[in-house]
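Step one of this worksheet: look at the structure below.
By convention in this document, chain letters (A, B, ...) are assigned in the order of the sequence lines, proteins followed by strands, and residues within each chain are numbered from 1. What you are looking at is a predicted structure, and each value in this text was computed from that prediction instead of being measured.
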Protein chains: 2
Amino acid sequence: MDPATIRDVAALAGVSAATASRVLSGNPATSPAARARVEHAARELDFRPNAQARALRRTRSDSIGLLVSDVRNPFFADLAHTVEQAALEAGYVTLLGNANESEQQQDRYLDTLISRRVDGVIVAPQGDGSSSIATLVARGIPTVFVDRTVPGVDVPSVTTDSDAGLREAVAHLAGHGHRRVGYIAGPPTASTGRERLAAHTRALAEHGLDADPALVVSGDFQAASGSAAVRSLLELAHPPTAILAADSLMAVGAVRQLQERGIRIGVDVAVVAFDDIEWFSLMNPPLTGIAHSVEAMGRAAVRLLLAVMAGERPDPVRLPSSLVPRASSDFAVPARPVVAVPPPSTPREQPS
Amino acid sequence: MDPATIRDVAALAGVSAATASRVLSGNPATSPAARARVEHAARELDFRPNAQARALRRTRSDSIGLLVSDVRNPFFADLAHTVEQAALEAGYVTLLGNANESEQQQDRYLDTLISRRVDGVIVAPQGDGSSSIATLVARGIPTVFVDRTVPGVDVPSVTTDSDAGLREAVAHLAGHGHRRVGYIAGPPTASTGRERLAAHTRALAEHGLDADPALVVSGDFQAASGSAAVRSLLELAHPPTAILAADSLMAVGAVRQLQERGIRIGVDVAVVAFDDIEWFSLMNPPLTGIAHSVEAMGRAAVRLLLAVMAGERPDPVRLPSSLVPRASSDFAVPARPVVAVPPPSTPREQPS
DNA sequence: CGATTCCATGGAATCGATTCCAAGCCATCG
DNA sequence: CGATGGCTTGGAATCGATTCCATGGAATCG
């Protein structure tokens with residue numbers, strides 16, 4: 001009933017536990033005879049080594065932890081998939097934790113991972129240098145940041161260079177005649193939230209678009225906040241003709257809200273989202289996205305982590321992003337916004 | 001540098017390891033004085049108990065395994081999320097494995113979970129009674145099937161009753177004048193593949209629809225097979241006017257293929273999918289789905305697993321499904337199929 | 001042919017936390 | 001006043017696999 005131990009295997013094979021261990025872990029100091037008998041005995045008993053005991057003795061567990069922000073976000077679901085596959089190829093199993101965009105739940109999971117003595121951790125960090133992240137670094141646990149970073153914490157990272165993609169997006173919108181672009185920002189507590197907003201602001205300036213601060217609304221990377229953001233953008237005296245969302249879930253929330261109000265995307269208003277996920281091309285209308293390779297990000301993260309575990313200090317990786325234009329933004333801006341607004345009696349900062 | 005052990009804590013607190021252990025695990029046989037000193041010392045050293053050592057001694061790891069078929073399938077991503085939350089509430093961490101719809105990878109993960117001595121496993125099984133599943137049962141490891149089952153393996157399960165939803169779907173299609181419904185089946189190696197096909201066949205008979213076996217094409221629950229299925233359905237001499245896919249990913253593949261061919265969904269052909277995921281309502285056109293509650297399924301699975309771990313033999317749970325009609329199927333069938341077909345010279349089994 | 005090396009092997013220690021068991025202490029009771 | 005009982009405590013064994021160290025036998029070399 002109780003699972004077989006290596007001693008049971010050894011007894012059945014007529015050797016000592018030491019020899020059985022050597023055979024089963026591929027130590028060359030074993031005779032062919034012993035090898036045959038032990039292997040046969042192990043198969044006979046359906047022996048599965050107790051990973052805990054093994055990990056206790058060697059000081060490594062052959063497992064890594066992956067902490068993502070939200071598994072239901074397709075971007076992170078794909079990331080989890082890629083990381084898991086890449087880790088498996090390198091002989092590691094992945095323990096997946098889901099912070100659910102909450103710093104508290106992130107800490108709880110990191111504690112668990114530390115307790116389980118994972119050999120390394122890949123984390124898309126919440127907030128700024130929470131206690132658990134500090135612990136991770138202080139203990140010298142190999143760590144890699146993915147997608148996001150934490151300022152002041154010196155850890156290798158794999159991030160997306162939002163600049164190119166956002167510049168393309170803004171250029172694209174400007175080229176179609178948009179002057180006022182509503183921006184649904186990520187939370188300032190996430191590095192991606194801050195960086196993308198900064199990139200967006202720079203791009204606006206480059207193209208001489210309206211820099212009205214009222215056009216920037218902050219969300220939390222989840223769908224509901226996208227809806228809320230659209231609501232407040234539409235209340236502006238001078239609402240935007242295009243909306244740019246800092247991630248796919250907020251874009252979806254925005255789309256829902258626009259649909260509920262009967263505002264036609266791709267006709268009355270343009271919508272562009274950071275991230276480009278499979279579903280975008282099937283939506284009504286197909287959504288313009290800013291693409292970056294999840295596959296590349298996941299594989300790079302595992303590669304960096306393996307390097308850190310090997311004692312190296314790998315350089316950070318920055319992946320490119322680029323615009324994938326689709327129907328949601330591929331139209332010329334209408335002469336007048338369809339949303340009822342008072343005539344712009346004092347058109348401010350609109351260069352002719 | 002090396003992480004602090006309970007002996008370090010005990011030394012700093014001036015007590016024995018035994019007492020330190022008792023304090024830290026909440027054993028009441030401790031004096032307030034000892035409690036205070038040990039707790040202070042543990043905080044001082046930032047002590048994290050080695051979960052492996054603890055699990056080795058107690059014969060439980062406070063962790064469960066969850067093996068899903070494909071994390072990139074939104075249905076399973078949601079399931080993973082729900083199970084994880086419910087397990088966390090019960091004090092368990094979840095080790096997520098992804099079989100990627102491959103029996104081999106499933107076995108590899110189950111082996112890992114067995115080696116790590118998880119306290120229980122929730123699995124959406126691939127194939128029929130693979131060796132690892134047999135091992136699981138033979139070892140008496142608490143196991144619960146979710147979404148799918150394996151015939152002949154007596155394990156509590158949480159499944160969806162496909163019958164009601166499919167009957168509604170077929171009635172809905174019949175009501176709109178469809179006689180020939182193409183069915184994209186799941187693989188016969190999955191219980192859901194078989195059951196849904198059987199339910200569909202029954203529903204066809206009930207409504208007197210065309211039971212042409214050529215209208216049934218098998219896929220593998222992944223997107224590419226949905227595209228392939230549509231391709232072969234359209235080659236029929238007498239192609240269907242409606243398409244029913246046994247899961248969301250195959251439906252997406254089907255939609256892509258139809259769009260590529262310029263066939264208008266919701267006008268030229270109806271599309272209905274088993275599963276109803278968030279994105280369906282945003283698609284072009286919104287897709288009719290057969291809904292079942294992932295949340296309920298995940299929570300029930302955890303509840304059942306806890307019961308099995310407590311030595312009970314809970315009854316299986318069967319959750320309802322129901323149709324959510326949307327634009328992709330909400331139209332009357334056109335008088336003649338738009339796809340060019342030879343005139344039906346010998347219309348077979350079409351009751352007037 | 002004796003001595004040195006090489007190789008396979010077993011005994012025992014080890015990893016870190018838990019827990020059984022025995023012992024010590026204080027208080028209460030007969 | 002001695003004894004019994006209730007508490008707290010420490011020593012030591014334990015979980016299962018790995019690994020250091022020593023040993024015995026075979027093989028090789030001078």
| task | Round to a whole Å and report the spacing from CZ of R37(B) to P of dT9(D). | result | 10 Å

| query | How close or far is atom C1' of dA17(C) from atom CG of D62(B), stated in whole angstroms? | reply | 13 Å

| Side-chain contact, heavy-atom cut-off 4.5 Å: L305(B) with P142(B)? | yes

| task | Determine which pairs satisfy ring-ring contact (aromatic ring centres under 6.0 Å, His included) with at least one residue from residues 48-79 of chain B, sequence neighbours left out, and list them in order. | result | F75(B)-H292(B)

| Short question: side chain of R116(B), backbone of A51(A) - any donor-acceptor pair under 3.5 Å? | no

| request: Starting at atom CD1 of I6(B), determine the distance to atom C1' of dC15(C), rounded to an integer number of angstrom. | output: 14 Å

| query | Can you find a pair of side-chain heavy atoms, one from V317(B) and one from R303(B), that are under 4.5 Å apart? | reply | yes

Are any protein N/O atoms closer than 3.5 Å to N/O atoms in nucleotides 7-10 of chain C? If there are, list each pair with its distance.
from: dT9(C); atom 1: OP1; to: S31(A); atom 2: OG; distance (Å): 2.7
from: dT9(C); atom 1: OP2; to: S31(A); atom 2: N; distance (Å): 3.0
from: dT9(C); atom 1: OP2; to: S31(A); atom 2: OG; distance (Å): 3.3
from: dG10(C); atom 1: OP2; to: S16(A); atom 2: N; distance (Å): 2.9
from: dG10(C); atom 1: OP2; to: S16(A); atom 2: OG; distance (Å): 2.9
from: dG10(C); atom 1: OP2; to: T19(A); atom 2: OG1; distance (Å): 2.5
from: dG10(C); atom 1: N7; to: R22(A); atom 2: NH2; distance (Å): 2.9
from: dG10(C); atom 1: O6; to: R22(A); atom 2: NH1; distance (Å): 3.4

| Do side-chain atoms of N98(B) reach the backbone of V71(B) as a donor and acceptor pair under 3.5 angstrom? | yes

| message | Does anything in residues 27-36 of chain A form a side chain to side chain donor-acceptor pair (under 3.5 Å)? List the pairs, not counting sequence neighbours. | response | T30(A)-R35(A)

| Residues two or more places apart in sequence or in another chain: which of them pass ring pair (Phe, Tyr, Trp, His ring centres under 6.0 Å) with Y109(B)? | none

| said: In whole Å, I'd like the distance from the CG atom of L45(A) to the P atom of dA17(D). | reply: 12 Å

| request: Can you sort out the partners of L306(A) under side-chain contact (heavy atoms from CB on, under 4.5 Å), two or more places apart, ordered by chain and number? | output: A90(A), Y92(A), V302(A), M309(A)

Show me the protein contacts with nucleotides 23-27 of chain C, counting only N or O atoms at under 3.5 Å.
none

| task | Would you mind reporting whether N100(A) and R72(A) have side-chain heavy atoms less than 4.5 Å apart? | result | yes

| For DNA chain C, which residues in residues 48-61 of chain B have a heavy atom at a distance below 4.0 Å? | P49(B), N50(B), A53(B), R54(B), L56(B), R57(B), R58(B)

| query | For S191(A), which residues count as a side-chain hydrogen bond (donor to acceptor under 3.5 Å, both in side chains) partner, sequence neighbours excluded? | reply | none

| request: Give the rounded distance in Å between these two atoms: CG of N27(B) and C1' of dT18(C). | output: 10 Å

| said: Under the rule for side-chain hydrogen bond (donor to acceptor under 3.5 Å, both in side chains), what residues qualify as partners of S293(B), not counting sequence neighbours? | reply: none

| remark: side-chain hydrogen bond (donor to acceptor under 3.5 Å, both in side chains) filter on T112(A), not counting sequence neighbours, yields none

| How long is the line joining CZ of R117(B) and P of dA17(C), in whole Å? | 20 Å

| task | Return the value, rounded to whole Å, for the distance between atom CG of D8(B) and atom C1' of dC15(C). | result | 13 Å

| message | For dG16(C) and T5(B) - does any side-chain N or O of the residue sit under 4.0 Å from the phosphate oxygens OP1/OP2? | response | no

| query | Taking only residues two or more places apart in sequence or in another chain, which ones pass ring pair (Phe, Tyr, Trp, His ring centres under 6.0 Å) with F145(B)? | reply | none

| message | Rounding to 10°, can you tell me the angle the first-five-pair axis of the helix from dC1(C)-dG30(D) to dG30(C)-dC1(D) makes with its last-five-pair axis? | response | 50°

